[in-house]
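Notes follow once the structure below has been shown.
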Protein chains: 2
Amino acid sequence: MGTRVGFKNLAVELLAAEIGATKGSFYWHFRDRAELVDAVVEQWAHTATEAIIADVEEGGSGDALERLVDVVLGHPESAPTEWRILGAADHPQIGPVVARVHETRIDYVRRLLRARGMAPARAAARARVLYAAYLGNLVLLDAPGVMDAVKRSSLRREFLALIDAP
Amino acid sequence: MGTRVGFKNLAVELLAAEIGATKGSFYWHFRDRAELVDAVVEQWAHTATEAIIADVEEGGSGDALERLVDVVLGHPESAPTEWRILGAADHPQIGPVVARVHETRIDYVRRLLRARGMAPARAAARARVLYAAYLGNLVLLDAPGVMDAVKRSSLRREFLALIDAP
DNA sequence: GTGCATCCGTACGCTACCGTATGGAGGAGC
DNA sequence: GCTCCTCCATACGGTAGCGTACGGATGCAC
């Protein structure tokens, strides 16, 4: 069996065979492969932004930024999927959606920093760098052996230190 | 003309046509496409680690970590190439090389943090998060419109703040 | 000048994948 | 029972890209 992730593996015949169907069935439900890609990416964009933000917002105890760090660090199993989608951002169907997700997330972090009293300009720049650290963490999680030696508690501690940096 | 970057564009016939040659010529110099990929990735691994580290080491004025930040933030034009190679890390020929580059760079940042007096365990974790921020910065640079509003001086300031965070 | 090594071009086979054409099974309505 | 709609399978055409076969040119040794 293949890698199960990756834009290249989002192929019509491969997907159909995995389900146990054929191409004839696929092309009844989807007009073409582009429609499938759109559906997958749009689904990801939803669960990767609104769902996470809602999850953080409704869990009322403690600081929201801390809860956000716990949420994004607590689900390393979703890292490969997200990283593969980001890696396909050069595709014309995926790039705009990814950019939209980036801006939504950065703006959310910026608002949380503002709520902690950080000045507007600094909050904007800090939000970008913090989110960049999250993205790079995805990359490193995907590289075999690079993150094996580091404990998640250390990571959490460093992320929180970056939030509170002067 | 195409995008000039991206693993998919590293194709034999496309490359040959771009130079003005043909496949027959290519297969005289390379055994197959895998050998070409190996050569490109290995070349990148060299210039992306040893070259940068040497550049930082020999420029003697000021703090080494600050110089490193200036070097990596000062060459945004190399971001697309690096980002595309990282995005192809699921390829069996590229993944190990990328992991090697990650570890080399993280260890370098860790040593610089140690030289500033940071405790070993914290330096190891901090180096990973700092490097992750650099990687995420590559991702955001590639997303159109996301980084337009932020000035490089602000970015530099935030990176330095992350270095000195408690 | 003849033989040999080097380098390159043309033509072909092969595979993977997308998309289409076409027929057929099974249920719903009447 | 006839018809139509929904869903699926088989078979085919078309394209992109990798790798190979083979012939031709160019230069060097002798």
Side-chain angles (χ1 to χ4, degrees), chain A residues 1-46 80-101 142 144, chain B residues 1-46 80-101 142 144:
Chain A
M1 159 151 32
T3 40
R4 309 259 324 132
V5 284
F7 182 72
K8 210 194 63 188
N9 294 93
L10 201 60
V12 172
E13 300 173 6
L14 193 137
L15 260 294
E18 224 161 276
I19 305 175
T22 59
K23 289 202 301 182
S25 174
F26 172 85
Y27 280 98
W28 177 259
H29 298 279
F30 293 90
R31 205 171 57 81
D32 51 6
R33 183 173 178 263
E35 201 170 286
L36 168 70
V37 172
D38 260 336
V40 170
V41 172
E42 214 57 54
Q43 171 70 22
W44 165 80
H46 177 73
T81 300
E82 170 140 351
W83 164 234
R84 291 297 188 281
I85 293 181
L86 265 51
D90 56 342
H91 192 281
Q93 284 186 315
I94 302 181
V97 179
V98 166
R100 205 183 67 207
V101 168
D142 190 62
Chain B
M1 163 148 32
T3 40
R4 310 257 326 130
V5 285
F7 182 72
K8 208 192 63 190
N9 295 92
L10 200 61
V12 173
E13 300 173 10
L14 194 136
L15 259 293
E18 224 161 275
I19 304 176
T22 59
K23 289 200 302 182
S25 174
F26 172 85
Y27 280 99
W28 177 260
H29 298 279
F30 294 90
R31 205 171 58 80
D32 52 6
R33 184 173 179 262
E35 201 171 285
L36 168 70
V37 172
D38 261 335
V40 170
V41 173
E42 213 58 55
Q43 170 71 21
W44 165 81
H46 177 73
T81 300
E82 171 140 351
W83 162 235
R84 291 297 187 280
I85 293 181
L86 265 51
D90 56 342
H91 193 281
Q93 286 186 313
I94 302 181
V97 180
V98 166
R100 206 184 66 206
V101 169
D142 190 62

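Letters go in sequence order (proteins before strands), and every chain restarts at 1. Just the heavy atoms: all of them, side chains too, but no hydrogens, waters or symmetry mates, feed the values below.
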Exercise. Could you give the OH-to-C1' distance, from A/Tyr27 to D/dC12, as a whole number of Å?
Worked result: 14 Å
In a table with atom names and distances, give each donor-acceptor pair under 3.5 Å that connects a side chain of residues 33-42 of chain A to protein atoms at least two apart or in another chain.
residue : atom : partner  : partner atom : Å
A/Arg33 : NE   : A/Leu10  : O            : 2.9
A/Arg33 : NH2  : A/Phe7   : O            : 3.3
A/Arg33 : NH2  : A/Leu10  : O            : 3.2
A/Glu35 : OE2  : A/Arg31  : N            : 3.4
A/Glu42 : OE2  : A/Arg100 : NH1          : 3.4
A/Glu42 : OE2  : A/Arg100 : NH2          : 2.8

Problem set entry | A/Leu10 CG to C/dA16 C1', straight-line distance once rounded to whole Å | 16 Å
Exercise. Given the rule in the side-chain contact (heavy atoms from CB on, under 4.5 Å) test, do B/Glu82 and B/Trp44 qualify, once you have shown the distances and angles that lead to the verdict?
Worked result: CA-CA 8 Å; B/Glu82 171 140 351; B/Trp44 165 81; 3.9 Å; yes
Problem set entry | B/Leu15 CG - D/dG17 P separation (whole Å) | 12 Å
Exercise. Choosing from D/dC18, D/dC7, D/dA9, which nucleotide comes nearest the side chain of A/Ser25?
Worked result: D/dA9
For this session: Looking only at non-hydrogen atoms, find the nearest pair between B/Ala89 and B/Ile94 and report the distance.
Result: CA-CG2, 4.3 Å
For this session: Can you figure out which of D/dC8, C/dC18, D/dC18 approaches the side chain of A/Trp28 most closely?
Result: D/dC8
Exercise. Which pair of non-hydrogen atoms, one from A/Asp32 and one from A/Tyr27, has the smallest distance, and what is that distance?
Worked result: CA-CE2, 3.9 Å
Exercise. If you pin A/Ala34 and B/Gly24 to their nearest nucleotides in DNA chain C, which one's is more 5'?
Worked result: B/Gly24
Exercise. If you check the A/Ala11 side chain, which of C/dC12, C/dC8, C/dC17 turns out closest?
Worked result: C/dC17
For this session: Return the value, rounded to whole Å, for the distance between atom NZ of B/Lys23 and atom C1' of D/dG17.
Result: 7 Å
Exercise. Roughly, in whole Å, what's the span from CD in A/Glu35 to C1' in C/dC18?
Worked result: 15 Å
Exercise. Nearest heavy-atom pair of B/Asn9 and B/Leu14: which atoms, and what distance?
Worked result: O-CD2, 3.7 Å
Problem set entry | Nearest-Å distance for atom pair CZ/P, residues A/Phe30 and D/dC8 | 12 Å
For this session: Go through C/dC18, D/dG17, C/dC8 for me and flag the one nearest to the B/His29 side chain.
Result: C/dC8
For this session: Check the distance between C/dC18's P and A/Asn9's CG and give it to me in whole angstrom.
Result: 11 Å
Seminar exercise, completed: Whole-Å distance, A/Arg33 CZ to C/dT20 P, equals 15 Å
For this session: Ignoring the backbone of A/Glu13, work out which of D/dC8, C/dG9, C/dC17 is nearest its side chain.
Result: C/dC17
